[in-house]
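Hydrogens, waters and symmetry mates are skipped; everything else that's a heavy atom, side chains included, is used.
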Amino acid sequence: MTHPDQDNAETPPVGEAALGGDAQGEASQRVIALVDDDRNILTTLSIALQAEGYATRVYSDGEAALAALQSNPPDLAVFDIKMPRMDGMELLQKLRATSDLPVIFLTSKDQEADEEAGLAMGADDYIAKPFSQRLLLARIRTILRRAAPLEPASEGSTTTATPENGMMVRGRLVMDPARHQVTWQGDPVSLTVTEFLILEALAQRPGVIKSRNQLMDAAYPDDIFVDDRTVDSHIKRLRRKFRKADPEFGAIETLYGAGYSFSDG
């Protein structure tokens with residue numbers, strides 16, 4: 001196994017090589033990128049992930065990771081928040097400008113504000129340190145299953161949204177689960193996997209109130225504990241994205257003390 005001792009973009013063993021396989025091996029494996037300045041964590045997690053059949057790439061700071069994540073995206077990335085040169089928050093912000101790569105944050109227990117900010121910027125999940133490897137692996141499996149790549153539409157093709165082809169139409173909203181695509185009034189809206197599943201759960205039954213627990217079950221189906229503010233942060237992020245396409249967007253309604261609903265009127 002390559003040891004993650006080199007820590008900048010000019011060192012291919014850290015930035016590009018999969019720890020546990022060559023490029024051909026990666027083709028048949030899910031690839032997890034780990035970004036953390038703690039080399040013990042990088043090594044320990046790499047070993048644990050490889051034991052589960054994943055290929056890993058490791059980076060010891062955000063600057064080293066950013067270009068590689070953009071040019072050669074993995075299937076999922078795990079970021080520490082507190083890092084030198086470029087911390088996890090800045091890395092996520094820059095990455096989200098061009099990518100919806102699933103991201104899990106590693107945080108300290110005293111970083112609740114950072115957790116909320118990370119979710120608001122589009123992180124899919126967070127885990128507080130010290131953390132259980134079993135819990136992290138469970139969340140990685142859940143997010144990867146939801147983000148499984150599907151066959152893209154052929155170039156130049158057009159698809160009419162109908163129940164028969166699996167697409168969901170709710171007024172101005174069109175959702176294509178097969179391609180993980182969303183449009184509002186014909187304009188594309190880019191969502192993370194978690195955001196997509198929460199919106200899908202709401203839009204399936206317009207006007208019906210969904211509790212936070214119901215939305216957590218839709219987005220986190222493996223009995224993983226997620227607190228209420230995680231769902232609230234994802235809802236805020238959804239509203240913000242749709243309001244970029246339509247400043248008057250108000251289809252996601254809050255029922256205080258009860259949960260959320262979707263109105264397609």
Report yes if the side chains of [X] and [Y] come closer than 4.5 Å at any heavy-atom pair, otherwise no.
| X | Y | value |
| --- | --- | --- |
| Ile41 | Asp80 | no |
| Pro74 | Leu101 | yes |
| Phe262 | Gln204 | no |
| Val174 | Val182 | no |
| Val35 | Val78 | no |
| Thr194 | Asp125 | no |
| Leu106 | Asp36 | yes |
| Gln181 | Met175 | no |

Which pairs pass salt bridge (charged side-chain N to carboxylate O under 4.0 Å, His left out) with one or both residues in residues 181-206, sequence neighbours excluded?
-> Glu195-Arg237, Glu195-Lys241

Judged by modelled atom types alone, do Gln70 and Ser99 share a side-chain donor-acceptor pair under 3.5 Å?
-> no

Assess the side chains of Arg57 and Ser46: does a donor N or O sit below 3.5 Å from an acceptor N or O?
-> no

With sequence neighbours excluded, tell me which residues meet salt bridge (charged side-chain N to carboxylate O under 4.0 Å, His left out) with Arg96.
-> Asp124

Residue set satisfying salt bridge (charged side-chain N to carboxylate O under 4.0 Å, His left out) with Asp246, at least two apart, ordered chain then number -> Arg172

Show your reasoning for whether side-chain contact (heavy atoms from CB on, under 4.5 Å) applies to Thr183 and Val189.
-> CA-CA 5 Å; Thr183 62; Val189 180; over 6 Å; no

Is there a donor-acceptor pair closer than 3.5 Å between any side-chain N or O of [X] and the backbone N or O of [Y]?
| X | Y | value |
| --- | --- | --- |
| Lys210 | Ala201 | yes |
| Glu52 | Leu49 | no |
| Ser132 | Arg134 | yes |
| Arg170 | Ala203 | yes |

Interatomic spacing from [atom1] in [X] to [atom2] in [Y] - rounded to 0.5 Å:
| X | Y | atom1 | atom2 | result |
| --- | --- | --- | --- | --- |
| Tyr54 | Leu76 | OH | CG | 8.5 Å |
| His234 | Arg239 | NE2 | CZ | 14.0 Å |
| Ile140 | Leu135 | CD1 | CG | 10.0 Å |
| Lys244 | Arg240 | NZ | CZ | 8.0 Å |
| Arg39 | Ser60 | CZ | OG | 5.0 Å |
| Ile235 | Thr254 | CD1 | OG1 | 7.5 Å |

Smallest separation among heavy atoms of [X] and [Y], with atom names:
| X | Y | value |
| --- | --- | --- |
| Ser261 | Val208 | CB-O, 3.5 Å |
| Ile143 | Val193 | O-CG1, 4.5 Å |
| Tyr59 | Ala64 | CD2-O, 3.8 Å |
| Gln29 | Ala55 | OE1-CB, 3.5 Å |

Looking at residues at least two apart in the chain, or sitting in another chain, which of them share a ring-ring contact (aromatic ring centres under 6.0 Å, His included) with Phe249?
-> Trp184, Phe242

The ring-ring contact (aromatic ring centres under 6.0 Å, His included) partners of Phe79 (sequence neighbours excluded) come to none

Salt-bridged, Arg243 to Glu248, with N to O below 4.0 Å?
-> no

Cationic N near anionic O, under 4.0 Å, Asp37 to Arg85 = no

Show the numbers, then the answer: is there a side-chain contact (heavy atoms from CB on, under 4.5 Å) between Leu173 and Leu199?
-> CA-CA 10 Å; Leu173 174 72; Leu199 178 62; 4.1 Å; yes

Residues Asp87, Asp61; criterion side-chain contact (heavy atoms from CB on, under 4.5 Å); working and verdict = CA-CA 7 Å; Asp87 65 17; Asp61 68 77; over 6 Å; no

Hydrophobic cluster partners of Ile209 (side-chain heavy atoms under 4.5 Å) = Leu255

Is there a side-chain contact (heavy atoms from CB on, under 4.5 Å) between Tyr260 and Arg212 once you walk through the steps?
-> CA-CA 8 Å; Tyr260 298 95; Arg212 289 175 177 83; 3.8 Å; yes

